[in-house]
Protein chains: 2
Amino acid sequence: MQTTPGNPRKPPTLADVAKLAGVSLATASKSLNGRQQVKAETRERVLSAAEQLNFSPNVLARHLLSGRSGTIGLVTHDLEGRFSIPTLMGAEDAAGTGKTSVLLCDARGDALREQYHVQALLGRRVDGLIVVGARPDPRPSLGQLPVPVVYAYAPSQDPADMSVVTDNLLGGRLVAEHLLTCGRTRVAIVTGDAGYGAAHDRVDGASAVLAEAGVEVLGGQALYGSWTEEWGRTAAGLLISRFDDVDAIVCGSDQIARGVLDTLRESGRRVPEDVAVTGHDNWEILALNARPQLTSIDMNLEELGRRAAALLFDAIEGNPHSGTEVIPSRLVPRGSTGPKPA
Amino acid sequence: MQTTPGNPRKPPTLADVAKLAGVSLATASKSLNGRQQVKAETRERVLSAAEQLNFSPNVLARHLLSGRSGTIGLVTHDLEGRFSIPTLMGAEDAAGTGKTSVLLCDARGDALREQYHVQALLGRRVDGLIVVGARPDPRPSLGQLPVPVVYAYAPSQDPADMSVVTDNLLGGRLVAEHLLTCGRTRVAIVTGDAGYGAAHDRVDGASAVLAEAGVEVLGGQALYGSWTEEWGRTAAGLLISRFDDVDAIVCGSDQIARGVLDTLRESGRRVPEDVAVTGHDNWEILALNARPQLTSIDMNLEELGRRAAALLFDAIEGNPHSGTEVIPSRLVPRGSTGPKPA
DNA sequence: TTGTAAGCGTTATCAC
DNA sequence: GTGATAACGCTTACAA
């Protein structure tokens, strides 16, 4: 880890190693790369020379030759937000295992900035691109690029592109099934901005399962509002005044659920005995600190990121895919749901 | 943006551009780089050829020559957490403005993984490194590396290294001053894990200001616990039972403050009329959804990231710095604090 | 004003 | 087994 004394700036090159070991460049290269065409003793000499110089091969030079950079670009639109981070971790995970690194850019929801970053990444000769959206609705395609692209979280509008998304329908189904199992029949749904396709999908998933069991959503439809605790508090107030016998509230996000829980507690309803509550996203900072802890849907975002990376690597290897792949969500049961007392 | 038809895989090179424009490699290069030694008309021809081929120069090759990669490495330990993200955004911001890109790695708090990533980044010939810690306490130095390193959020234990940290003492002072201005004199402090140096710093900052004003912390010292809402709820219960006249509670984090707010509300105390409450971190998801919205300390993490990047770039330019630079925090007043009613 | 050629640090293809 | 040598795509003296 020490800088070579007397040579403070430039890292040692393979030529330095070769010279020190008293061999040619070619032999040094072969030795370090585990080629079979060198005598064990020679290899040993080269290795120790490399060790001594603390040599680390210049990956740029290597890739100049191979045509691949060993690098993928990750363009996110939601770095400050909640959803891109696990996705990014999954991708970084999948990439880091091998020998590729991740170049990160945050486009902050701006198409122009995205364009700029994509160009910069292409100039760096990334082998592929993962684009992580800020919200789950379909987004415009980047079009034909010289390298494969995978759209994560927010799918591309072009079905010829590769996309990986969460399963919002399933999320809805899972909570509904869980609540039915708990014996709930007076079920309301509170969710966020009606402009989000995902909000509708989750509602549809839940409604379908409930309908199959002969249960109709209280009020005949979900309450749309915003993704905030405030709306959760308001909506819960509306619900208990209109439907005194409500015994379950499905929330479109953990934030909404937190608000719902607060209003229920303050109105004297017990959770989960009187009313069961479910969230969505499994944002632990909210779910684990709730009273009681919140049953929620985990979208497996990290898995989504890993899968996106895996698809990308496969495409880079020459096996392109297309269409939208859906990552199943899973239910995380906690204290806010449970069997309805007799 | 279209792939050149018939040449689907390899991006066009400068040679392609030169050939199409009917000039030599050198002339093409000069034209594209704005060198003055080419006739305007020739340059025009080259530019349009480049345009036509959708040429983007291979940055790897360029940097192989210049010795710099135009890349910095960002090793974080807290990708899933709250603190590294804004720092990362600031750094990415500062870098992206120029022509350097950010290679991201998540070491997940593991020293070995960190070591591994650092080596990988050095192999990629990053021009410098920013290491973002998971918690604000000093961490072991990476030692002497061939490129400059800046430690962000968690400073290096070695004062010869460059570090950029938040000002926890100031954070404490700011809330104390604010509360005194509000006319509060019965002030308690609830904070998190006593194992965090930052927790003590914040307490010390607040205590000092209060002492200057002749106000002693209720109970003579801060209550240490954990960084959770649960602890906030518990601590608030303790406080109001022991000090019925408490009129302000300084919390070590927004999470703790959320818990404190809940207990106060449920015990019938009005916030801020009866008790003023302050948080720390200005985590908007918590602060803005609180009832009332939470007065908090913003550590200016994005600025911290920008500053770290600026220091790094300067060091890369040949102006190394050393020691720890402190980024001032700022108070964000909201509804949870206000003047004490007469 | 333009072109030729050397070189950046590797790897791969050959001779030896 | 080993070592020249030619790439890879670009910049930059230096020559024309």
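Quick note on labels: first sequence line is chain A, next is B, and so on, each numbered from 1. Heavy atoms only: backbone and side chains are in, while hydrogens, waters and symmetry mates are out.
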Subject >> Contact summary for A:Phe55 and A:Leu14, nearest pair of heavy atoms >> reply: CE1-N, 3.3 Å
When the distance from [atom1] of [X] to [atom2] of [N] is rounded to whole Å, what number comes out?
{"X": "B:Glu41", "N": "C:dT2", "atom1": "CD", "atom2": "C1'", "value": "13 Å"}
{"X": "B:Leu60", "N": "D:dT11", "atom1": "CG", "atom2": "C1'", "value": "15 Å"}
{"X": "A:Lys19", "N": "D:dG3", "atom1": "NZ", "atom2": "P", "value": "15 Å"}

Original post:
Got a donor-acceptor pair under 3.5 Å from the side chain of B:Lys30 to the base of C:dG3?
Top reply: yes
Can a side chain N or O of [X] be found less than 4.0 Å away from OP1 or OP2 on [N]?
{"X": "A:Arg35", "N": "C:dT11", "value": "no"}
{"X": "A:Lys10", "N": "C:dC8", "value": "no"}
{"X": "B:Ser29", "N": "D:dC10", "value": "no"}
{"X": "B:Ser24", "N": "C:dT2", "value": "no"}
{"X": "B:Ser66", "N": "D:dT11", "value": "no"}
{"X": "A:Asn33", "N": "C:dT11", "value": "yes"}
{"X": "B:Arg62", "N": "C:dC8", "value": "no"}

**OP:** Give me the one residue out of A:Asp127, A:Val126, A:Thr100 that meets side-chain contact (heavy atoms from CB on, under 4.5 Å) with A:Arg68.
**Re:** A:Asp127
Subject >> Sugar-phosphate, base or nothing in reach of A:Leu25, heavy atoms under 4.0 Å >> reply: base
Original post:
What nucleic acid atoms does B:Val23 come within less than 4.0 Å of, heavy atoms only: base, sugar-phosphate, or nothing?
Top reply: sugar-phosphate
Original post:
Say you draw a straight line from CZ of A:Arg43 to CG of A:Asn33; how long is it, rounded to the nearest 0.5 Å?
Top reply: 9.5 Å
**OP:** Take B:Ala61 and B:Ala26, find for each the nucleotide of DNA chain D with the closest heavy atom, and name the residue whose nucleotide sits nearer the 5' end.
**Re:** B:Ala61
Subject >> Other residues, nucleotides, ligands: >12 heavy atoms within 6.0 Å of A:Glu51 CD >> reply: no
